[in-house]
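What follows is a short report on a single structure.
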There are 2 protein chains.
Amino acid sequence: MRRKLRETANETATMRLRHAGLRPTRQRNELAKLLFRNGHRHLTAEMLHAEAVSEGVKVSLATVYNTLHQFTQAGLLLQVVVDPTRSYFDTNTADHQHFYCEDESSLIDIPGPDIAVAGLPTPPPGTQIKRVDVVVHVRRH
Amino acid sequence: MRRKLRETANETATMRLRHAGLRPTRQRNELAKLLFRNGHRHLTAEMLHAEAVSEGVKVSLATVYNTLHQFTQAGLLLQVVVDPTRSYFDTNTADHQHFYCEDESSLIDIPGPDIAVAGLPTPPPGTQIKRVDVVVHVRRH
DNA sequence: TCAACAGTTTAGAATTATTCTAAATTGCAG
DNA sequence: CTGCAATTTAGAATAATTCTAAACTGTTGA
């Protein structure tokens, strides 16, 4: 007998959390389901909280902030810094870069292998390269 | 007869402001002198304000914010976004990129021609590329 | 099965960076 | 000089985010 989709989504979320070493609580499960149910997304804490509330998920804004940071630390999300006034989180953790459209404060993925950065100089003494972020700023013309 | 250095610096700052279409007020002059007196710098509004105060320049924090944004609009400064909690301004407006050391929240210039970004895809329809920012995140090891 | 405790969530206060407001001041054209 | 628009300012306001301390919940092991 085929199990309900909702049930499966729950198990997937739980697995994902356990794998990341995070205790699968009700809030983390529900947020994980919202975040990872469809294709990749870029969103702020406020946006995720609004989405949760509008879909009847009971969770506080503080928990959304905590959860986004925990997910980021666990490698489930990537934090993208483009706008000095807000923090975006990206559900696509694969190596890739972004277009940033200032007119509408929106991020668009650039698939990983498309971009190549050449001629990286050696990093400052005592440090090692952790990540290379490329943001292509675009504007309506 | 050789004129005093201070006098010359003042004229230079005034010129720079007039060129940028900004009325050379006392505050803008003094901030320009602090910003551009030596090699290139990365600094926040708070940092510049502290420096001004410590050198006896009378200027409010609000004016420092206003001035940094006006200078940026006029092309005298570049705003660099790397840290979700603060905004850096760079006196080097030439084409170049940055190392960002998270351990100490510090920015280090990577000279312009060293880095090359290849394989940029066409920008989203209706937009054109304005700038390509590369931030190389490094960590102490 | 469930007691107990560490981990988690939460409301609301606190913090931080930044912007706004409205009144005082200043640069400059005439 | 005078007058007015541009600029500066103190302090309030805002926005995003973090903190705090109390309530709650998941898990473990008897």
Side-chain angles (χ1 to χ4, degrees), chain A residues 10-11 13-34 42-53 56-74 76-77 79-89 105 107, chain B residues 10-11 13-34 42-53 56-74 76-77 79-89 105 107:
Chain A
N10 244 315
E11 281 170 28
T14 302
M15 293 300 222
R16 204 193 293 265
L17 291 174
R18 283 205 199 289
H19 240 254
L22 293 167
R23 185 193 286 195
T25 65
R26 195 204 83 226
Q27 289 86 335
R28 296 214 265 237
N29 256 287
E30 312 232 59
L31 292 177
K33 281 191 280 177
L34 292 180
H42 303 109
L43 69 193
T44 64
E46 294 277 1
M47 287 161 69
L48 180 57
H49 183 245
E51 185 171 320
V53 166
V57 171
K58 261 201 72 187
V59 63
S60 72
L61 181 56
T63 298
V64 173
Y65 272 103
N66 290 339
T67 303
L68 286 174
H69 286 133
Q70 291 153 358
F71 282 15
T72 300
Q73 275 200 306
L76 264 38
L77 293 174
Q79 189 166 9
V80 184
V81 180
V82 277
D83 183 327
T85 72
R86 35 165 124 269
S87 259
Y88 286 92
F89 293 85
S105 294
L107 274 175
Chain B
N10 244 314
E11 281 169 29
T14 302
M15 294 298 224
R16 205 194 293 264
L17 291 174
R18 283 205 199 288
H19 240 254
L22 293 167
R23 185 192 287 195
T25 65
R26 195 203 85 226
Q27 289 86 337
R28 297 213 265 238
N29 256 288
E30 313 233 58
L31 292 177
K33 282 192 280 178
L34 292 180
H42 304 109
L43 69 192
T44 65
E46 293 277 2
M47 287 162 69
L48 179 56
H49 183 245
E51 186 172 317
V53 166
V57 172
K58 261 200 72 187
V59 63
S60 74
L61 181 56
T63 298
V64 173
Y65 272 102
N66 289 339
T67 302
L68 286 173
H69 286 132
Q70 291 152 358
F71 283 16
T72 300
Q73 274 199 307
L76 265 38
L77 294 174
Q79 188 165 9
V80 185
V81 181
V82 278
D83 183 327
T85 72
R86 37 164 125 269
S87 259
Y88 286 93
F89 293 86
S105 294
L107 275 175

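By convention in this document, chain letters (A, B, ...) are assigned in the order of the sequence lines, proteins followed by strands, and residues within each chain are numbered from 1. These values consider heavy atoms only, across backbone and side chains, with no hydrogens, waters or symmetry-generated copies.
- For the helix from C/dT1-D/dA30 to C/dG30-D/dC1, the angle separating the two terminal helix axes comes to 20°, with each axis derived from five pairs and the value rounded to 10°.
- The footprint of chain A on DNA chain D, defined by a heavy-atom cutoff below 4.0 Å, extends from D/dA16 to D/dT27.
- Every residue was checked against the side chain to side chain contact (heavy atoms under 4.5 Å, CB included) condition with B/Q73, not counting sequence neighbours, and none meets it.
- Minimum interatomic distance between B/P24 and B/L17 (heavy atoms only, all atoms of both residues): CA-CD1, 3.7 Å.
- For the contact set between residues 42-50 of chain A and DNA chain C, defined by any heavy atom under 4.0 Å, there are no members.
- When all heavy atoms of A/L68 and A/T72 are compared, the pair lying nearest together is O-OG1, 2.7 Å.
- For the pair A/R86/A/E46, no side-chain contact is recorded, criterion being any heavy-atom separation below 4.5 Å from C-beta on.
- A/F71 approaches A/R28 most closely through the heavy-atom pair CZ-O, 3.9 Å.
- With B/L48 as the fixed residue, the side-chain contact (heavy atoms from CB on, under 4.5 Å) test singles out one of B/V57, B/V53, B/L34, B/T67: B/L34.
- Qualifying side chain to side chain contact (heavy atoms under 4.5 Å, CB included) partners for A/V81, counting only residues two or more places apart in sequence or in other chains: B/V81, B/P84.
- Residues passing the side chain to side chain contact (heavy atoms under 4.5 Å, CB included) test with A/T85, sequence neighbours excluded: A/D83.
- Closest heavy-atom contact between A/L61 and A/A45: CD1-O, 4.2 Å.
- By the ring pair (Phe, Tyr, Trp, His ring centres under 6.0 Å) test, B/H42 is found to be paired with B/H98, residues two or more places apart in sequence or in another chain being considered.
- Using a 4.5 Å heavy-atom threshold, the side chains of A/V80 and A/F89 count as separate.
- Of all the residues in residues 62-72 of chain B, B/A62, B/T63, B/N66 reach under 4.0 Å from DNA chain D with at least one non-hydrogen atom.
- A search for ring pair (Phe, Tyr, Trp, His ring centres under 6.0 Å) contacts involving B/Y65 returns nothing, not counting sequence neighbours.
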- Query: Which letter, B, S or -, goes with each nucleotide of nucleotides 22-30 of chain C from 5' to 3', with contact meaning a protein heavy atom under 4.0 Å?
  - Reply: -----BS--
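- Applying the side chain to side chain donor-acceptor pair (under 3.5 Å) test to every pair with at least one member in residues 17-27 of chain A, sequence neighbours left out, gives these pairs: A/R26-A/E30.
- Using modelled atom types, no side-chain atom of B/T63 and backbone atom of B/V59 make a donor-acceptor pair closer than 3.5 Å.
- Remark: A/M47 engages A/L43, A/T44 in a side chain to side chain contact (heavy atoms under 4.5 Å, CB included) (not counting sequence neighbours).
- As a whole-Å value, the separation of A/L22 CG from C/dT8 P is 7 Å.
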